[in-house]
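Below: one structure, written as structure tokens.
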Amino acid sequence: MLALPMAEGDLYSPSDFNESSINGMKVRVRFAPSPTGFLHIGGARTALFNWLYARHTAGTFILRVEDTDVARNTQEAVEVILNGLRWLGLDWDEGPLVGSSRCDDQTPQRGVPTSKGAHGPYFQSQRSGIYQRRVQELKDKGLAYDHEGAVKFKMTRELVVIPDLIVGDVTRELTDRERLDPDFVIVRSDGQPVFHLVNVIDDLEMAITHVVRGEDHLSNTAKHIALFRAFGVEPPKYAHIPLILNPDGTKMSKRDQGASLTYYLEEGYAPEAVVNYLCLLGWSPKDNREVVPVQEVVQMFDLPQVLRHNARFDMDKLHWMNGEYVRLMSNERFYELAIPALKRAGFDTSKFPSAYVKAALDTCKGKKRLFSELADYGGFYFVEEVIYDTEAAAKDFTSENRCLIGELLEGNSEATGSEGRRARASDAPGLHRQDCRAKSVSSARSARQGTGAGAARTGAGSNQMKTIYRTQNLQ
RNA sequence: GACCCUAUCGUCUAGCGGUUAGGACACCGCCCUUUCACGGCGGUAGCGCGGGUUCGAUUCCCGCUAGGGUCGCCA
């Protein structure tokens with residue numbers, strides 16, 4: 001059972017932090033999203049900060065699904081969360097197993113584990129027995145009572161001080177409405193327990209040591225603390241992190257651009273860039289660096305350093321940062337992200353030889369900041385029909401380039417069996433040099449780009465050639 | 001209405017009594033580049049307001065203002 005020492009003077013002792021355990025107890029934090037079919041970018045950041053703290057302290061990161069609201073709770077909705085966290089690389093130590101994201105509590109598949117960890121189930125929909133016992137415990141203690149078919153908790157009338165690792169001590173007085181009746185419903189008249197109750201019970205039963213969550217929960221924390229004490233245990237330590245706001249400073253709602261984590265996946269952001277950007281919202285390495293690998297953040301991150309004020313989401317900066325990551329990432333990683341992005345845009349690279357695909361992608365790396373921009377820039381490499389703009393071809397098909405283009409087309413037609421390509425390849429008879437594939441695709445790009453976008457872009461490839469020349473000379 | 005949190009360039013931030021208030025994104029010039037991208041140099045731009053405390057406040061305290069949050073048989 002969780003029983004944190006509560007010696008007041010010890011709460012902010014610096015020695016408590018930077019340690020792998022607090023007072024000898026291993027850190028256990030959790031991310032407890034509700035499956036709404038949507039993972040909010042703010043929720044993702046909350047998960048990230050929990051994960052960072054767990055990894056920093058060598059503690060345990062727990063994923064718990066708060067699916068008490070049966071109406072909007074589906075397996076697909078749970079998978080959105082799991083996939084989102086996996087995409088960001090936030091692995092959890094306890095919680096649902098990927099691939100078996102939810103097992104119906106009525107018909108669990110025999111012998112097939114759906115979760116890992118010793119404090120399960122990790123779906124609230126499967127924990128109703130626990131809640132019932134705990135409510136009975138409160139009733140037995142005279143701290144809860146029936147009221148018009150519901151069950152209400154007898155809230156303390158005393159001032160509650162919320163010790164917060166980020167905000168400091170917060171003294172929460174009752175609002176005027178609460179003064180009328182401080183007690184609150186913990187079980188609805190339909191028998192369903194409410195959020196405040198199940199959240200506390202689960203944190204208690206799962207031995208959570210630190211509750212790291214959005215600041216929107218700060219005011220409610222008084223209720224949670226009262227509940228913990230009613231159960232006879234001291235509450236965990238709290239750390240309320242500031243919220244992420246829209247660029248105009250308003251609250252980010254589901255409909256706002258970029259509110260969903262899925263947006264970033266679909267728009268072609270690299271997850272490592274998103275993670276890095278999110279780290280910098282409310283936390284700073286304090287050394288004027290912007291690009292900080294997440295493993296370094298794990299080393300440096302700590303709760304008391306988290307800023308107290310809300311941050312506005314700056315899409316421009318994320319865009320820039322993504323460009324940084326794209327330019328710096330390995331070619332292999334680039335292919336890994338580029339190929340699915342091209343596929344989403346309708347370009348199937350699997351029809352082409354692997355070496356060709358890589359050579360083609362090599363000419364694109366670092367040119368665009370988002371993978372979603374890749375199709376427009378380099379999609380032409382992966383279409384069947386090859387058409388040249390005569391004007392551009394006349395300009396760019398120099399004697400040097402001709403052989404390179406021939407090489408490109410030849411190599412490609414061998415794999416696709418395209419007659420058209422074969423015929424075109426005859427335009428550029430001659431040399432077949434293995435080392436000029438990258439250069440040849442550049443030349444092809446040069447000619448091809450003249451077809452659709454006008455003369456202004458016809459020179460793009462030749463500059464790329466220079467870049468590639470330079471790169472090769474450097475190596 | 002009550003309660004809680006917050007306040008440095010447009011945005012993200014460094015700063016924790018004495019600094020020419022630093023960095024990054026964005027923006028504007030110039031350079032590099034026969035295109036794009038990258039890169040280099042420079043520039044515009046900030047301590048919300050009013051009281052204190054202090055020899056001295058961006059920094060500490062109070063008030064105001066502004067923004068955000070909470071007060072549900074939502075989570």
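In what follows, every chain begins at residue 1, and chains take the letters A, B, ... in the order their sequences are listed. Since the model is a prediction, treat every value here as computed from it, not as a measurement.
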In this structure, which one of A:Trp283, A:Phe61, A:Phe301, A:Phe31 forms a ring-ring contact (aromatic ring centres under 6.0 Å, His included) with A:Phe49?
-> A:Phe301
If you find the nucleotide of RNA chain B closest to A:Gly282 and the one closest to A:Val194, which residue's nucleotide is nearer the 5' end?
-> A:Gly282
In 5'-to-3' order, the base (B), backbone-only (S) or no-contact (-) status of each nucleotide in nucleotides 5-11 of chain B, using a 4.0 angstrom heavy-atom cut-off, is SSS---B
Is any side-chain nitrogen or oxygen of A:Arg327 closer than 4.0 Å to OP1 or OP2 of B:rG39?
-> yes
When you check the phosphate oxygens OP1 and OP2 of B:rG72, does a side-chain N or O of A:Arg177 lie under 4.0 Å from one of them?
-> yes
Of the listed B:rC12, B:rC3, B:rA14, the closest approach to the A:Glu173 side chain comes from B:rC3
Report the base-pairing partner of B:rA2 (Watson-Crick or G-U wobble, both distances below 3.5 angstrom), or none.
-> B:rU70
Single hit among A:Arg157, A:Lys152, A:His147 for side chain to side chain donor-acceptor pair (under 3.5 Å) with A:Asp183 | A:Arg157
Should B:rA7 form a Watson-Crick or G-U wobble pair with both distances under 3.5 Å, which nucleotide is its partner?
-> B:rU65
Touch class at under 4.0 angstrom, heavy-atom based, for A:His196 against every strand present = base
Watson-Crick or G-U wobble partner of B:rC30, both distances under 3.5 Å = B:rG40
With side chains defined as the heavy atoms from C-beta onward, is the minimum distance between A:Tyr356 and A:Tyr381 less than 4.5 Å?
-> yes
Return no unless some side-chain N or O of A:Lys286 is found under 4.0 Å from OP1 or OP2 of B:rG15.
-> yes
Between A:Lys251 and A:Gly149, whichever has its closest RNA chain B nucleotide further toward 5' is A:Lys251
Is the closest side-chain heavy-atom distance between A:Leu361 and A:Phe334 below 4.5 Å?
-> yes
Would you call A:Lys139 and A:Asp146 a salt bridge, using N to O less than 4.0 angstrom?
-> yes
A:Asn246 side chain to A:Asp248 main-chain N or O, any donor-acceptor pair under 3.5 Å?
-> no
Heavy-atom check, side chain of A:Phe184 versus side chain of A:Leu227, under 4.5 Å = yes
Gap between atoms CZ and P, on A:Arg172 and B:rG69 respectively (whole Å) | 15 Å
Pick the P atom in B:rC28 and in B:rG68, then give their distance to the nearest Å.
-> 30 Å
Could you tell me whether the phosphate oxygens of B:rG72, OP1 or OP2, come under 4.0 Å of any side-chain nitrogen or oxygen in A:Arg188?
-> no
Atom NE2 of A:His217 and atom C1' of B:rC74: how far apart are they, to the nearest Å?
-> 11 Å
Complementary nucleotide of B:rU19, counting Watson-Crick and G-U pairs under 3.5 Å | none
Considering only heavy side-chain atoms of A:Lys367, the closest of B:rA37, B:rG68, B:rC3 is B:rA37
Mark yes or no for a side-chain to base donor-acceptor pair under 3.5 Å between A:Ser189 and B:rC73, with no hydrogen or angle criteria applied.
-> yes
